[in-house]
Amino acid sequence: EINLIGRVNNLSLPASSALMPIFEAVVNSIQAIEDLKSTSKGKIEIQIKRGEDSQNELELGERVHHPIIGFEIHDNGIGFDADNFKAFDTSDSRWKQSRGGKGIGRLFWLKAFDKVEIESIFLENSKSYKRKIDFSLNGVSAKPSEVHDAPRKTTVRLLGFKEEYRKACKKRASSIAARIVEHCLTYFLNPSCPEILLADDDEDQIIGLNTWFKENIGENLLKETFKVGKHSFEIVGLPLY
């Protein structure tokens, strides 16, 4: 049993870390794709959702960026099967402890957003199921149902970006792309990193984060080799902006 309101209130998330909930969602998607152990490449799509209100628009040349009101993260990973949902529904779960998970990442979602909606189609016992999850300070409600011929897919919607975090958040899609890459750097260094795309309601262009990493960081690696006794090592320097 947990007092969710008290737990979230006691959680520290400075406004300068407004993108932390998105980082958590993206890392969850990467790990969900890893858990499939599939030979096909995974794919993650991030959508920046913007409102119509023009009071806090940001002028960038001739472009106007409307306030960010939420994010959507889509992936084709393993999904919210019984084990993953049990971990999600358990406070401070140790399910991902071996990967550095502390079981509190989803609480950052409620710290910075009013509510979270999740739709997940997953495979269990050779059957496809769909689980819809509503997550807010009122608790968690979930409705699983069997579906047929539906592709595996999970969508996380972070809705109602709270004002203090929205104001401190990066405004441009390119700036958000750079921050996601830097936070998930170890995954982008891995050749098996899934394809990750970032789209913005205010822009027509879709940013490929794998390409951004290659052009801005991967091609500027500083490598040096050295030996300790009979052992050879390589140190890699990465430019971070």
Side-chain angles (χ1 to χ4, degrees), residues 8-9 11-30 43-75 104-118 135-137 154-188 193-220 238-241:
V8 172
N9 284 344
L11 188 67
S12 176
L13 182 66
S16 58
S17 299
L19 285 171
M20 181 60 72
I22 292 80
F23 299 157
E24 292 287 345
V26 173
V27 169
N28 285 347
S29 290
I30 294 173
K43 186 175 183 179
I44 299 169
E45 298 171 286
I46 308 160
Q47 180 79 36
I48 302 172
K49 308 301 293 182
R50 296 188 186 263
E52 298 298 325
D53 183 11
S54 61
Q55 290 182 352
N56 293 308
E57 292 173 348
L58 177 69
E59 297 283 353
L60 296 170
E62 296 180 356
R63 180 180 295 280
V64 175
H65 281 68
H66 295 87
I68 297 174
I69 59 173
F71 292 83
E72 287 187 7
I73 299 92
H74 310 269
D75 70 66
I104 62 171
R106 64 202 177 285
L107 299 181
F108 286 125
W109 295 349
L110 295 186
K111 190 74 174 181
F113 295 87
D114 292 332
K115 64 176 182 176
V116 181
E117 294 177 355
I118 301 170
F135 185 41
S136 70
L137 290 176
T154 295
T155 297
V156 174
R157 298 184 182 93
L158 307 177
L159 305 172
F161 208 6
K162 295 179 181 178
E163 186 176 9
E164 66 172 301
Y165 296 104
R166 175 173 53 79
K167 286 183 175 180
C169 183
K170 300 291 186 182
K171 304 300 187 294
R172 292 179 293 179
S174 58
S175 299
I176 293 174
R179 295 288 287 113
I180 293 173
V181 170
E182 290 186 0
H183 183 84
C184 300
L185 198 57
T186 55
Y187 294 105
F188 283 98
C193 180
E195 179 185 14
I196 305 180
L197 305 173
L198 178 67
D200 187 341
D201 280 355
D202 270 356
E203 299 182 14
D204 296 329
Q205 183 182 8
I206 295 177
I207 302 175
L209 301 194
N210 309 73
T211 301
W212 192 98
F213 166 78
K214 181 179 178 181
E215 293 177 350
N216 293 276
I217 296 179
E219 293 182 353
N220 296 303
L238 303 170
L240 299 180
Y241 304 99

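Since we're looking at a predicted model, the values are computed, not measured.
The aromatic rings of H183 and F23 sit parallel, their planes meeting at an angle under 30°, below the 60° perpendicular limit. Between F113 and F161, the ring-plane angle classifies as parallel under the 30° and 60° cut-offs.
Legend: residues meeting side chain to side chain contact (heavy atoms under 4.5 Å, CB included) with I206, ordered by chain and number and at least two apart, are L197, A199. E215 pairs by the salt bridge (charged side-chain N to carboxylate O under 4.0 Å, His left out) definition with nothing, not counting sequence neighbours. The side chain to side chain contact (heavy atoms under 4.5 Å, CB included) check on S29 picks up I44, I73, D75, with sequence neighbours excluded.
The distance from atom CD1 of I48 to atom CD1 of I22, rounded to the nearest 0.5 Å, is 9.0 Å. Taken to the nearest 0.5 Å, the CD atom of E195 stands 8.0 Å off from the CD atom of E45. Taken from CD in E72 to CG in L158, the straight-line distance is 9.0 Å, to the nearest 0.5 Å. For the atom pair CG of L159 and NZ of K49, the computed distance is 10.0 Å after rounding to the nearest 0.5 Å. To the nearest 0.5 angstrom, K170 atom NZ is 12.5 Å from I180 atom CD1. Distance check: C193 SG to F188 CZ gives 5.0 Å after rounding to the nearest 0.5 Å.
The nearest pair of heavy atoms linking I68 to C169 is CD1-SG, 4.2 Å. In this structure, R50 and K171 approach most closely via the heavy-atom pair NH2-O, 2.5 Å. Considering all non-hydrogen atoms of both residues, I118 and V156 come closest at CG1-CG2, 4.2 Å. Annotation for F135 and R106: closest pair CE2-O, 3.5 Å, computed over non-hydrogen atoms. Taking all atoms of both residues into account, the shortest heavy-atom contact from C184 to V27 is SG-CG2, 4.0 Å. Taking every heavy atom of both residues into account, I69 and G51 meet most closely at CG2-N, 3.7 Å.
The shortest distance between side-chain heavy atoms of L13 and Y165 falls below 4.5 Å. Taking 4.5 Å as the limit, some side-chain heavy atom of F71 sits within range of a side-chain heavy atom of L19. With contacts defined as side-chain heavy-atom distances shorter than 4.5 Å, the pair S136/D114 does not qualify. The shortest side-chain heavy-atom distance between F213 and L185 falls under the 4.5 Å cut-off. Looking at K43 and H74, their side chains never come closer than 4.5 Å, going by heavy atoms from C-beta outward.
Heavy atoms from other residues, nucleotides or ligands lying under 6.0 Å from NZ of K214 number 12 at most. Within 6.0 Å of NZ on K111 lie more than 12 heavy atoms contributed by other residues, nucleotides or ligands.
The one candidate from L198, I176, L209, N210 that meets the side-chain contact (heavy atoms from CB on, under 4.5 Å) condition with V181 is L209.
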Kindly determine whether L11 and L110 satisfy side chain to side chain contact (heavy atoms under 4.5 Å, CB included), including the steps that lead there.
-> CA-CA 10 Å; L11 188 67; L110 295 186; over 6 Å; no
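H66 and D202 form a side-chain donor-acceptor contact under 3.5 Å, judged by distance and modelled atom types alone.
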